[in-house]
Number of protein chains: 2
Amino acid sequence: MARIKDVAARAGVSVATVSRVINDNPRVSGENRARVVEAMTQLRYVPNAVARSLRTDATKTIGLIIGDILNPFFTALARSVEQAAREAGYTVVIGNANERAEEQDHYVRTFAEQQVDAFLICPTAEVTPSITELAVDGRPLAFLDRTLPGLAVPTVRVDGARAIDGLVAHLARLGHRRIGYISGPDSLSSGRDRTEAFLAAMRRHGMEIRPEYVETGDFQAESGRASTVRLLSLPEPPQVIFAGDNLMALGALDEIRGRDLRLGRDVGLASYDDVPWFVHVDPPITAIAQPTEELGHRAVAVLLDLLDGREPESTTLHAQFIPRKSCGEEGEIA
Amino acid sequence: MARIKDVAARAGVSVATVSRVINDNPRVSGENRARVVEAMTQLRYVPNAVARSLRTDATKTIGLIIGDILNPFFTALARSVEQAAREAGYTVVIGNANERAEEQDHYVRTFAEQQVDAFLICPTAEVTPSITELAVDGRPLAFLDRTLPGLAVPTVRVDGARAIDGLVAHLARLGHRRIGYISGPDSLSSGRDRTEAFLAAMRRHGMEIRPEYVETGDFQAESGRASTVRLLSLPEPPQVIFAGDNLMALGALDEIRGRDLRLGRDVGLASYDDVPWFVHVDPPITAIAQPTEELGHRAVAVLLDLLDGREPESTTLHAQFIPRKSCGEEGEIA
DNA sequence: CTCCTTCGTGTAATCGATTACTCGAGATCC
DNA sequence: GGATCTCGAGTAATCGATTACACGAAGGAG
């Protein structure tokens, strides 16, 4: 592989001049610039970003840690983050935590070692020492989708309360009283917030909350299935199940089908998160859509503020309730 | 941030000793080792991977370029690659090409600059100069899922011929004669291979191939929808549509629903790729499943061979035909 | 004609680690 | 007791870039 000094030798100039050409420094004569460019293409020179980063103390890289790469919500998020970052000249490196604190920490450490310029984290589970360290050391850091308590870290998140209220109103209108809920883990702010919003909405609409109707999952399909098993085995099972994310909804659906129940007639289903295939289930699944595109763009904007020394603004966006048919017609579900 | 020399000063030793501790070199006395470890934790020292990489000429990083991060096939693949790589002590950085040659090249360049130790590419479209350069320069490189002609690059891929033959046999058994096909782009080996396998299977089972039944998409949902529009507008539309990947199947399904056609009765649908939600469509979608887990593991194995100077082995795995109900019952579709 | 800018270029220090080489102290062997 | 080995540790070169600083030439002002 060619190095900068090979290019310099070939072009008959010093390495400083070559470096100036690479970095678009105007203090280079037209003639020399041409010779350098020529030498670079001849040698197929590729600048070594590792060496540059060491010297400039910047990698032009953002470390993004998502909860689960198999969750379409997070991949959509990753895509929009990547897009926005690219426009600002940054590369995104993605770490998949698999919803486990331990794997999240692995990436926090790895990214710190690799000297990413900024961290964007969808925190999994509790506050871990490694995340606290980032915050304490004042590294550019923002939380995305989820927050952690007790840390002064700017956060870009979604408030689903309005949409959840819309859902509960919808269920009340259809005459359903017995609503089962599969929450995300209590250790996650997104899980807690949704649960709280759900309970508040239930109260507001004068609906009884039975403790046995509130299950706790972990945002993965299998926990949605297991929770559904318990809900449907109750002496008086709920009429509608509201799953706290799209994967748990998938798991719930697996179990409903497995029992040969008719969706929307024997039992209803609604999901936080909207995914493209929901419209193809029969009946189509009532859902709450999150503005993933905007979420990612805002998150990058916050990081750029941090990196450029501006004051970052935590942002809260709103989710949207999308009624479809999976909760049945009025008075339909016994 | 603490540097190695700060640790050395605090522990009262030289930087060489600290470095030896970091790298588990046994030539350090127990006492000094303890002092260094103590100093490292006190200073919250994090080794600088950029500096290390510059010196050692290794980043312990694999660059993976996937076709589309919104395609569940690729995310499953990415996850398995990441898992296998991690076990071998490598970090994976993912580049999303969005199925565009230009974005793929962006990542090839970026990864080359960042000095990744090896490249794993699901090539999008044609042979581009940047990929040729990688191959010519002898960089550790393997293709995954797709190949490019004319380059001696080890490849890990799936042969779907057997599964596709199973599908066509299935369709023949059901009495269907008019089969529409939405292929991937001809510029992609995976697209070409599937088309070829499909045509061969049709011939083998004595079924007529009408040119107007063969549509070409681009592996994205919208092209599946557009192709379906054309197929269903034909004077004599096909009885069954076979989509070349899961996203085009999704698009096809969108169009079928949009026309209020009954799946499996008015028109059948089958998909290359199997995804979790297929079983929840009514009727469940007949599909061809690829062994993504194994695919990713093998790909990493090939890269490790390359990196350790062993002779890599190109591998071809087989896909599996999974009959469900979306192509109707015998003689059902007119 | 001198003095002062400005411009283009080169020399060399620097970023933070790794590691070849060196060296002294103590152990081992005959 | 002297020669040889082993062990633990330190000094300094090195990786490939960027950039402060220095310097000579050319141009402009007076």
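It should be emphasised that the depicted structure is a prediction, and the values quoted were computed from it without experimental measurement. Every chain is numbered from 1, with letters handed out A, B, ... down the list of sequences.
Atom CE in B:Met1 sits about 16 Å away from atom C1' in C:dC15, given to the nearest Å. The CZ atom of A:Arg27 sits 8 Å away from the C1' atom of C:dG8 (whole-angstrom rounding). If you measure from atom CZ of A:Arg55 to atom P of D:dT18, you get 10 Å, rounded to the nearest angstrom.
Considering only side-chain atoms of A:Asn48, the nucleotide from D:dT19, D:dG10, D:dA17 that sits closest is D:dA17. Nearest nucleotide to the A:Arg52 side chain, out of D:dG16, D:dT18, C:dT9: D:dT18. Listed candidates were C:dT18, C:dA17, D:dA9. Nearest to the side chain of B:Tyr45 is C:dA17.
Counting any heavy atom pair closer than 4.0 Å across all strands shown, B:Val18 reaches no nucleic acid atom. Within 4.0 Å of B:Ser19, counting heavy atoms only, lies at least one base atom of the nucleic acid. No engagement by B:Val50 is indicated, since no non-hydrogen atom pair under 4.0 Å with the nucleic acid exists. Counting non-hydrogen atoms under 4.0 angstrom, B:Asp57 reaches nothing in the nucleic acid.
A donor and an acceptor atom, one from each side chain of B:Asp117 and B:Thr59, are located under 3.5 Å apart. A:Asn98 and B:Arg79 are linked by a side-chain donor-acceptor pair at a separation below 3.5 angstrom, with hydrogens and angles left out of the test.
A salt bridge is defined here as a Lys NZ or Arg NE, NH1 or NH2 lying under 4.0 Å from an Asp or Glu carboxylate O, and A:Arg100 with A:Glu103 meets this definition. Ionic pairing of A:Arg298 and A:Glu294 is present here: one or more N-O contacts between side-chain nitrogen and carboxylate oxygen are shorter than 4.0 angstrom.
Between A:Arg20 and A:Arg3, it is A:Arg3 whose nearest contact on DNA chain D lies nearer the 5' terminus.
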